[in-house]
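Read the structure below first, then the notes.
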Amino acid sequence: MINANDPSLTSWIETAANSDFPIQNLPFGIFKTQSSSPRIGVAIGDQVLDLAIMNKLGFFDKIKIDNSVFTNQYLNDFIALGKQTTSGVRDRISQLLQTGNPELRDNKEAQAKVLHYQSNVQMLMPVKVGDYTDFYSSIDHATNVGTMFRDPNNALLPNWKHLPVGYHGRASSITISGTNFHRPKGQTKPNEAEPPVYGPCRLLDFELETAFIIGKETQLGESISTANADEHIFGMVLFNDWSARDIQTWEYVPLGPFLAKNFASTISPWVVTLEALEPFRTVGYTQEPKVLPYLEYSGDRNIDINLDVLIQPENTEETLVSHSNYKFMYWTMEQQLAHHTVNGCNMNIGDMLASGTISGPTPDSFGSMLEITWRGTKPVKMKDGSERKFINDNDTVIMRGYCQKDGVRIGFGECKAKVLPAK
Ligand code: MN
């Protein structure tokens with residue numbers, strides 16, 4: 001076992017029992033304070049550890065990393081150091097934060113320089129995303145959509161169980177949690193018999209997803225096997241793949257989603273490393289028919305990540321609208337990466353590959369309003385008494401995710417954004 005994951009570890013920094021960031025997590029992010037420039041931080045409890053100052057003070061002396069890697073606007077250069085190094089940094093931080101270690105615990109002067117309350121810092125985009133891909137890998141989601149729009153008896157298209165279906169998305173509009181955006185406008189065709197119209201999207205939806213971040217590049221022509229895929233995955237974030245359903249319906253044939261998806265995607269700020277997620281690996285769906293050899297994998301490669309979606313109308317409390325789990329994915333990250341590169345497509349550090357909407361088998365675990373309200377036919381009640389078929393102006397959509405096992409709970413923090421009225 002990776003020592004930093006040991007469930008018995010405790011920290012001298014107190015972490016609440018329901019905290020996303022106990023010592024077993026130690027996710028990486030980019031933050032700034034009112035007086036500091038962007039830099040790499042690690043979350044612990046309700047605080048952030050400033051790695052740039054930690055390095056300057058000599059706490060990482062044995063690892064030897066140029067400080068410019070830490071005083072950086074993005075994690076890309078840090079990730080590029082390789083897993084041995086980044087994992088070494090996580091292990092070293094774990095060591096320093098453990099209850100019995102006096103190095104930082106008894107150095108109040110250093111603590112004052114390296115620790116900030118999360119409530120006092122601003123989180124920024126963790127990585128510079130070069131390319132973004134979105135998959136369609138949840139069998140319950142694909143079945144729901146196929147049932148609604150095509151044929152309940154042939155809900156999955158013939159290719160679906162043979163390859164992880166995906167499309168190339170747009171990286172420029174991926175934003176950090178807390179970045180609000182205006183309802184998109186575009187072409188829709190509300191009336192079958194009439195020509196299309198232009199105006200604000202009427203059927204705005206969220207898609208509950210996670211995304212993984214590429215941690216090791218490949219050259220054009222190279223492929224990544226399922227067995228080696230984890231070496232190329234740095235970590236994961238929560239991902240809201242906002243979708244304009246009415247724009248999508250009109251535009252998506254024959255080349256798939258375009259403007260219905262590229263106006264905004266929201267991610268959670270902390271990158272939870274694959275190392276931290278390792279203890280929560282679990283078995284996935286049986287893949288039948290058997291997949292082609294390049295997609296075969298061994299062991300339990302799904303991950304047990306509880307996922308919640310909440311809607312918060314303006315000035316009222318949140319209402320839980322979905323409780324799903326990443327373990328319901330049919331295709332694993334390793335298979336997605338093997339498939340994505342089987343043709344020699346190269347990967348760059350910071351590339352983001354999203355899961356596709358994550359729905360579970362029951363209606364309370366569906367990952368989009370499209371499915372939860374079944375195309376708007378079953379509106380959901382908010383705590384304030386109002387109803388939602390899709391997302392209204394000034395609604396905030398919040399996603400949260402956490403793993404829990406052996407008394408350890410590690411989480412992702414929040415992925416949240418508010419929909420402002422169309423411009
Ligand atoms: Mn999606």
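All ligand and atom numbering here is 1-based and tracks the order in the structure. Quick note: residue numbers are just sequence positions, from 1. All values below come from the heavy atoms of this structure, side chains included, with hydrogens, waters and symmetry mates left out.
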Note: OE2(Glu209)-the Mn ion (ligand 1)-OD2(Asp241) angle, rounded to 10 degrees, equals 100°
What is the name of the N/O/S atom of Asp134 that is nearest to the Mn ion (ligand 1)? OD2
Does Lys418 pair with Glu314 as a salt bridge, N-O distance under 4.0 Å? yes
Of all the N, O or S atoms in Glu207, which has the shortest distance to the Mn ion (ligand 1)? OE1
May I ask you to say whether Arg281 pairs ionically with Asp304, meaning some side-chain N is under 4.0 Å from a carboxylate O? no
Any donor and acceptor pair, going by atom type alone, linking the side chain of Thr147 with main-chain N or O of Ala155 inside 3.5 Å? no
Lys261/Glu251 ion pair, N-O < 4.0 Å: no
